[in-house]
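The structure that follows is given in the form of structure tokens.
This is a predicted model, so every value here is computed, not measured.
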Amino acid sequence: MTAEMVAPAWMHEQITAEEYESWPEEQCAGIEIVDGMVVVSPSASKRHNRMARILANALDAAAGTEWNADTDFDVRLQDVPLTNHRPDVVVYRADTIDITPTRPEHVLLVAQVVSPGSETTHRIVKVDQYAKAGIAFYWRIEQAATGVPLVYTYVLDPATNTYRDGDVFTGVLKVAAPFPAEIDLGQV
């Protein structure tokens, strides 16, 4: 059995930004590109998707007219080698809604809902990549044994391009400027 029989060539060869941009959206959904290589993620659970949607809707409602919050679209961290992530929730400048790809300078916050098997990626790898790209805030949402989500927040130190730990919230987030809100994730 050859590699092509198991997976198409684009899944085991380095991909350029130009190649990726030529692919249809259906091919791009459910994958990320890290250092030019395709990373396929299994489909998220309904609980995972619901938590991301609740968070995005609450952030969008609180963000006012300057910011949008959405789910499931690419954020281009770098072009060479291509690193393209698809965070669960992205808060980005509203005036960049039609600019593609979305770049780190358009993004205020990314949030990732941790699924079983993605813990290391979300706790270490993505934290480092988003910080190096200069994204001001990173949130990691994990399902605790109690069933109530834990939200770990990180704030960028622009002098070192690393995150420092922020607050940890259990179930209810109390979010400050630029979008003050209280978000109840305990009802997922």
* Asked: Cluster partners of Val34, using ILVMFWY side-chain heavy atoms under 4.5 angstrom, listed by chain and number?
  -> Val39

* Asked: CD1/Ile141 to NE2/His48 distance, rounded to the nearest 0.5 angstrom?
  -> 9.0 Å

* Given side chains that start at C-beta, do those of Ile33 and Ile31 come closer than 4.5 Å, heavy atoms only? -> yes

* **Check: Phe137 and Val155 side chains under 4.5 Å, non-hydrogen atoms** => yes

* **CA sep, side-chain torsions, deciding dist, call: Thr83, Asp35, side chain to side chain contact (heavy atoms under 4.5 Å, CB included)** => CA-CA 5 Å; Thr83 298; Asp35 292 333; 3.8 Å; yes

* Consider only side-chain heavy atoms of I, L, V, M, F, W and Y, link residues closer than 4.5 Å, and tell whether Val90 and Leu156 are in one cluster. => yes

* Structure fact -> Hits for side chain to side chain contact (heavy atoms under 4.5 Å, CB included) against Pro24, two or more places apart or cross-chain, chain-then-number order -> Glu26, Gln27

* Asked: Can you name the residues that form a side chain to side chain donor-acceptor pair (under 3.5 Å) with Tyr152, not counting sequence neighbours?
  -> none

* If you look only at pairs with a residue in residues 124-142, which of them pass as a salt bridge (charged side-chain N to carboxylate O under 4.0 Å, His left out), with sequence neighbours excluded? -> Glu32-Lys126, Arg123-Glu142, Asp128-Lys132, Arg140-Glu142

* Asked: Are Val110 and Val168 connected, step by step, through hydrophobic side chains (Ile, Leu, Val, Met, Phe, Trp, Tyr) whose heavy atoms are closer than 4.5 Å?
  -> yes

* Structure fact -> When every non-hydrogen atom of Ala44 is compared with those of Asn49, the smallest separation belongs to CB-OD1, 3.3 Å

* Structure fact -> The complete set of ring pair (Phe, Tyr, Trp, His ring centres under 6.0 Å) pairs with one or both residues in residues 100-135, sequence neighbours excluded, reads His85-Tyr130, Tyr130-Tyr138

* Please name the pair of heavy atoms, one in Val89 and one in Ala52, separated by the smallest distance, quoted to 0.1 Å. => CG2-O, 3.4 Å

* Asked: Which residues satisfy the side chain to side chain donor-acceptor pair (under 3.5 Å) test with Asp70, sequence neighbours excluded?
  -> Tyr92

* **All pairs passing side chain to side chain donor-acceptor pair (under 3.5 Å) where residues 94-104 contributes a residue, at least two apart** => Asp79-Arg103, Arg93-Asp95

* To do: Could you tell me which residues satisfy ring pair (Phe, Tyr, Trp, His ring centres under 6.0 Å) with Tyr20, sequence neighbours excluded, listed by chain and number?
  => Trp23

* Any chain of hydrophobic side-chain contacts (each under 4.5 Å) joining Val40 to Ile15? -> yes

* **Heavy-atom pair of closest approach, residues Ala56 and Ala69** => O-CB, 3.5 Å

* Asked: Just wondering, do Val91 and Trp139 contact through their side chains at under 4.5 Å, heavy atoms?
  -> no

* Given the rule that I, L, V, M, F, W and Y join up when any side-chain heavy atoms are under 4.5 Å apart, are Tyr163 and Val107 in one cluster? -> yes

* **Which residues share a side chain to side chain donor-acceptor pair (under 3.5 Å) with Thr162, sequence neighbours left out** => Thr160

* For Pro81 against Gly36, the heavy-atom pair lying closest together -> CB-N, 4.0 Å

* Could you pull out all residues at least two apart from Glu21 that satisfy side chain to side chain donor-acceptor pair (under 3.5 Å)? => Arg76

* Does Ser22 offer a backbone N or O that forms a donor-acceptor pair with the side chain of Glu19 under 3.5 Å? -> no

* Asked: Does the side chain of Asp88 reach to within under 4.5 Å of the side chain of Thr71, using non-hydrogen atoms?
  -> no

